[in-house]
Amino acid sequence: MPEYTGYEGRSLEFLKSNNIVVGDSVKILSDLTYSGIIMPRYEHSDNMHIVLKLNSGYNVGLEIEKIKKVEKNEITRKIIEKKGKIEPTQGLPKILLLSTGGTIASKIDYRTGAVTPILTADELNASVPELAKIANIDAQVLFSEYSENIMPEHWLAVAKKINEFEKSDYSGIIIAHGTDTMHYTSSFLSFSLAGFPIPIVLVGSQRSSDRASSDAALNLIGATKFITTSNPKGVYVVMHLDESDNTIACHLGTRVRKNHTSKRGAFQTIGGSPAFIIAENQIQENFSGDYFKIKEYQPKIKLDTKVALVKYHPGYDPNLLNQIVEMGYRGIIFEGTGLGHIGKTMYESVKKAKGKGIFLGMTSQCIDGRVRMTVYESGRDLLNLGIIPLENMIPEVALVKAMWVIGNYHDSEEIKKIMLQNVASELSD
Amino acid sequence: MSEFSINDVGIKVGLEIHQQLATNKKLFCGCTPIETEEYSIKFQRKLRAAKSELGEYDPAALFEKSKSKSILYFANPESSCLVEQDEEPPHELDVDAKRISLIIASALKSKIFSEIYPMRKTVVDGSNTTGFQRTMLISQGGYLEVDGSKIGIQSICLEEDAAKILGDEGSVRKFGLERLGVPLVEIATEPFEANPKHIKKIALALGRILRSTKKVKRGLGSIRQDVNVSIKDGGGVVIEVKGVQQLEQLEKVVEYEAKRQHGLLKISKKLQGIEWSHNKNEDRKITTEQFKKCKSKIIQNAIKKNQEIVTIVFKNMRGMFGYSPYEGIRLGKEVAELIRFFGLGGVFHSDELPNYGIELNDIENLKEFLKIKNNAAFLILAVPFEMIDIIVDQIISRIYHIRNDGIPIDTRLATQDGETKFLRPRPGAARMYPETDIPPIIISKNELELAQKNIPKSWDESIKELQSIYEINLQLAEQIFDSKYIELFENIIKNTNVNPTFVASILCSTITNLERSGLDSSLLKNDEIRKTFEILEQKKIAKESIEIIFKNIMAGKSDNVEDAMNKMSIETVDETDLEKIIQKIVDENEQLVKNQKERSIGPLMGIAMKELRGKVSGETVNKLLLKNIQKKL
């Protein structure tokens with residue numbers, strides 16, 4: 001930890017002139033006498049206070065102006081984390097745990113006072129001692145990013161990393177990931193690593209691991225149990241089924257979506273039950289069949305980010321669509337209304353896009369259900385304009401799939417064919 | 001055994017008062033705390049100990065975790081939301097709660113911090129869905145004057161109340177969420193030297209300062225006091241005793257706790273003279289086989305439940321477990337409390353055996369089997385196999401601690417009969433973690449000035465004021481002020497012309513008397529009380545009817561005044577009807593009136609009131625009777 005984390009201006013000067021740093025044990029004479037440890041300061045705070053952790057454990061801000069004297073104690077207790085290390089047990093299956101960040105690996109960040117993903121995969125593993133009884137877990141950190149900062153290049157990095165373990169003695173791979181964009185990543189891995197021989201399981205948490213009520217531990221345990229007992233090929237998202245700490249849901253990575261901002265049971269399989277339900281020592285199977293439609297592993301770890309997801313709404317300005325076309329985009333996925341519609345005002349712009357050879361796909365902002373563009377006249381108009389209905393593919397999944405398809409294929413007919421072909425259970429009956 | 005004298009041990013006491021605030025909202029969400037027994041939401045959780053900011057585990061949290069209970073929560077959507085379920089981050093700090101806590105801190109002349117950090121205080125017994133209590137240190141320092149002497153204030157915190165425990169079922173603990181998150185102000189005093197009587201007075205004075213703000217909840221459970229007890233030779237050990245419900249209990253608890261601490265020091269001294277250490281491999285053995293034929297019911301039940309009977313041998317310790325420096329203080333009892341804490345019943349020590357169905361030959365067999373020497377002591381306990389080491393380690397470390405360091409640092413619980421029992425190890429600074437979901441709270445100069453301006457009058461001043469405004473006597477003023485009806489009282493007087501002394505005595509004595517007879521005052525809502533006095537003012541009922549109405553409502557027979565009046569056939573009689581009734585009674589008893597003259601009013605009153613009770617006041621009936629009697633003569 002830097003010696004003056006978060007301190008600026010007057011408060012920084014104050015620490016320096018008194019020859020104290022963060023972590024020093026001090027006695028401060030102000031309106032009363034306060035004893036404690038100097039703590040880091042958050043970046044968005046003023047520079048009139050210093051933060052002290054009192055011996056009672058409470059943190060308080062003391063006004064510099066009122067401080068009469070600072071005495072440094074001889075014995076200083078530096079803030080050093082004790083780290084746990086887990087020894088492997090012979091005979092247990094091996095699992096690789098890759099950490100990408102997210103709430104699951106988060107604890108307090110002294111820069112802002114909020115949480116930040118800084119736990120290492122090892123710490124995460126050590127914080128759930130039950131895991132060591134089920135499997136021997138090797139942990140690696142890929143990066144420490146929140147969901148919103150995970151970009152397509154991160155997807156590529158994760159896929160390339162996993163690809164290295166095509167032939168390994170691991171029973172499965174767990175990826176700790178932020179929850180907000182977890183289903184984008186699970187979709188990309190599903191397409192780019194189609195046929196991968198061992199299960200890939202994304203795990204996140206809605207409450208950070210630094211709190212006693214965190215859902216992280218149980219989600220990790222659930223993922224580990226799933227890998228060691230069921231072991232089917234595929235890409236899955238493993239999270240709480242609901243608000244209770246007894247049942248874990250395992251969703252297909254291309255049929256899942258985060259449908260609540262904060263609940264533990266935020267993830268739902270769209271249009272069906274979770275593929276597997278893990279309760280205590282039982283696994284209930286709701287999904288039979290193959291996740292990947294090809295048998296052999298055929299990695300295609302490429303993508304083209306020039307694909308836009310357009311959510312149509314009343315009053316949508318067609319010029320926005322024209323802009324996308326002019327920016328050289330190669331694919332547009334519409335999130336249309338109801339059965340898959342966009343208004344008449346859009347037709348001219350759609351024609352323009354089609355004329356440029358851009359792939360145009362239709363999904364529905366209803367999220368659940370199938371697009372059906374032959375029922376109403378506007379749907380038929382849109383079909384004539386060349387928009388391809390994408391069945392019941394979830395809009396975000398369609399976006400990722402289009403990036404992947406366009407990144408790997410160039411012929412427009414082939415792009416259309418593969419967009420409609422079930423690659424990794426993204427289309428369901 | 002020696003006689004314990006509280007004056008010899010140099011007792012120091014600190015008080016911690018927890019007072020619910022009357023904001024009618026939770027501290028971090030807008031839910032209204034309503035008591036309920038209907039729960040439409042139910043969910044199950046497990047809590048895990050998490051590391052503190054300094055990378056350590058809190059001892060109390062680890063200890064609680066070793067009990068590994070699963071928790072079932074029950075919620076009602078009216079009194080809790082996703083925040084209480086820990087399914088949504090906290091909303092902003094409630095401004096009313098903040099304002100009231102600043103007023104209280106100002107009233108106690110405490111130094112308020114200008115930057116306040118909400119913290120998470122680890123509590124993994126399940127009483128908080130998050131596994132922590134949100135708490136913030138508002139101020140430190142200040143004092144309270146009681147009988148001319150100053151009692152120092154250590155700290156004032158604003159925090160969330162915990163969930164209400166509904167009961168245990170096997171390894172499942174049940175909680176209701178309606179109380180979780182209710183704002184509490186915690187005031188801790190500096191330790192002071194005082195006799196137990198004086199302590200009660202100080203607690204009362206603190207409670208009165210809080211009530212003076214008129215912003216705190218009243219009634220059962222809305223104020224709780226913990227007491228910290230230490231003795232002169234205790235080596236600085238302060239024992240926190242929780243759950244003292246009534247002030248009457250306080251005296252006894254303090255005395256018992258001082259006795260226990262002093263007794264432990266004597267036990268410690270004696271232990272130091274004994275050569276003993278515990279060898280993990282030799283001194284603890286599973287002896288279930290040896291007790292298969294034992295006649296003790298406790299042992300047999302335990303074996304039926306698949307528990308193991310474990311014997312721990314203590315070399316050279318014979319007599320130590322039964323040694324009682326003061327009445328009721330023994331090492332054996334300290335161990336038994338610890339075992340009970342884990343939800344286990346059976347522990348016997350060699351100094352009390354043979355007894356409880358364990359016979360001499362059981363003991364002889366055991367001694368022979370384990371080759372226990374005559375000067376050794378042993379403990380026999382029933383434990384599930386997987387918990388043997390956890391529990392035996394706890395026992396051994398407690399005995400080591402008593403020998404080497406004296407009084408173990410516990411958090412203890414007050415019992416109904418004024419003793420204390422082990423609750424959990426005392427949590428340390430490691431239990432505190434910054435609440436990352438809420439930014440620091442800034443207290444502006446304006447807020448401080450406003451709080452200063454709103455400091456309530458002292459209790460004495462408030463009482464004097466009540467007396468002079470309402471012309472009520474001192475006793476009634478004190479009673480009404482300490483009761484939960486003070487605001488209702490002022491409201492009724494403002495809006496009606498009913499005599500204040502009468503209103504106060506109904507609110508203080510009538511309702512209290514009905515309560516003592518076993519009726520429930522919580523069924524009698526303030527609105528109904530207010531309505532009753534309005535009806536009285538309109539002369540629709542007589543003063544005597546009030547008790548009848550309240551009794552009916554408090555017995556759960558009616559839920560409002562009109563209903564109670566109907567059920568008890570209380571109706572009003574208009575003046576002409578009344579005149580007719582009285583005249584009729586006098587006419588029918590003409591002979592009596594002629595014979596007894598004015599004295600006939602006695603028997604005639606009886607006849608009249610039979611018909612008119614609750615409808616017309618006795619005073620009016622009396623006047624009218626007299627008038628009619630005099631007419632006849």
Side-chain angles (χ1 to χ4, degrees), chain A residues 30-32 34 36-37 39 42 44-46 48-49 51 53-63 66 77 79-83 106-110 112-116 123 127-128 206-214 216-218 242-247 260-266, chain B residues 41-56 58 61 65 70-73 82 85-89 111 113-124 128-132 135-137 140-141 154-155 157 427-440 442:
Chain A
S30 176
D31 45 3
L32 296 171
Y34 303 96
I37 300 170
M39 295 302 285
Y42 308 154
H44 309 294
S45 320
D46 66 25
M48 318 295 284
H49 292 79
V51 186
K53 179 178 268 307
L54 301 173
N55 293 337
S56 61
Y58 278 99
N59 292 10
V60 292
L62 295 178
E63 246 175 290
K66 287 191 188 161
R77 209 166 112 201
I79 305 166
I80 301 165
E81 280 257 11
K82 295 164 198 143
K83 284 180 184 157
S106 290
K107 61 178 180 180
I108 183 163
D109 166 28
Y110 287 107
T112 61
V115 289
T116 191
E123 285 174 275
S127 69
V128 191
Q206 290 279 73
R207 296 288 166 280
S208 52
S209 301
D210 61 354
R211 49 202 283 170
S213 63
S214 172
L218 207 66
D242 53 29
E243 66 268 55
S244 282
D245 273 343
N246 44 17
T247 319
H260 195 278
T261 54
S262 60
K263 282 183 176 181
R264 287 169 174 73
Chain B
I41 302 163
K42 188 173 125 180
F43 58 97
Q44 181 254 319
R45 290 276 165 76
K46 267 197 161 156
L47 293 173
R48 314 168 61 85
K51 274 186 193 173
S52 81
E53 196 180 4
L54 303 176
E56 298 157 344
D58 175 54
K65 192 186 157 203
S70 158
I71 310 143
L72 208 52
Y73 291 105
L82 290 181
Q85 290 178 30
D86 189 38
E87 287 272 84
E88 185 176 290
K111 309 278 181 209
F113 293 104
S114 51
E115 208 178 62
I116 290 170
Y117 285 75
M119 304 294 288
R120 300 171 172 177
K121 192 193 276 182
T122 308
V123 182
V124 290
N128 292 74
T129 47
T130 46
F132 52 76
T135 173
M136 56 205 101
L137 183 61
Q140 281 194 330
Q154 206 165 55
S155 61
C157 297
R431 80 190 296 203
M432 290 289 195
Y433 193 85
E435 169 51 293
T436 52
D437 293 340
I438 308 162
I442 311 298

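Chain letters run A, B, ... following the sequence lines, proteins first, then strands; residues in each count from 1. These numbers come from the heavy atoms of this one structure, side chains and all, not from hydrogens, waters or symmetry mates.
Of the residues considered (B:Ile116, B:Ile41, B:Leu72, B:Leu82), B:Leu82 shows the highest number of contacts with chain A, using heavy-atom pairs under 4.5 Å. Chain B forms more heavy-atom pairs under 4.5 Å with one residue of A:Thr261, A:Leu218, A:Asp242, A:Val51 than with any other, namely A:Val51.
A distance of 6.0 Å separates CD1 in B:Ile442 from CG in A:Asp46, rounded to the nearest 0.5 Å. Note that OG of B:Ser114 is 6.0 Å distant from NZ of A:Lys66, once rounded to the nearest 0.5 Å. Rounded to the nearest 0.5 angstrom, B:Met432 CE and A:Ser56 OG are separated by 6.0 Å. Going from atom CG of A:Leu54 over to atom CE of B:Met119 covers 9.0 Å, rounded to the nearest 0.5 Å.
Residues B:Gln85 and A:Lys263 are not in side-chain contact: their nearest non-hydrogen atoms beyond the backbone lie 4.5 Å or more apart.
Contact annotation for A:Gln206: neither backbone nor side-chain heavy atoms come within less than 4.5 Å of a heavy atom of chain B. A:Leu62 touches chain B through its side chain: at least one heavy atom from C-beta onward sits under 4.5 Å away, while N, CA, C and O do not.
Side-chain N/O atoms of B:Ser155 and A:Tyr58 include no donor and acceptor closer than 3.5 Å. Side chains of A:Asp245 and B:Gln44: no donor on one and acceptor on the other come within 3.5 Å.
Considering only residues two or more places apart in sequence or on other chains, B:Glu115 meets the side chain to side chain donor-acceptor pair (under 3.5 Å) condition with A:Arg41, B:Tyr117. Residues satisfying the side chain to side chain contact (heavy atoms under 4.5 Å, CB included) test with A:Ser262, not counting sequence neighbours, are A:Arg207, A:His260, B:Glu88, B:Pro89.
A:Arg264 places a side-chain N or O within 3.5 Å of a backbone atom of B:Asp86 that can act as its donor or acceptor partner.
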Could you walk me through whether A:Arg211 and B:Tyr433 pass the side chain to side chain contact (heavy atoms under 4.5 Å, CB included) check? CA-CA 9 Å; A:Arg211 49 202 283 170; B:Tyr433 193 85; over 6 Å; no
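Nearest heavy atom pair, residue A:Gly61 against residue B:Phe113, reads O-CD2, 4.0 Å.
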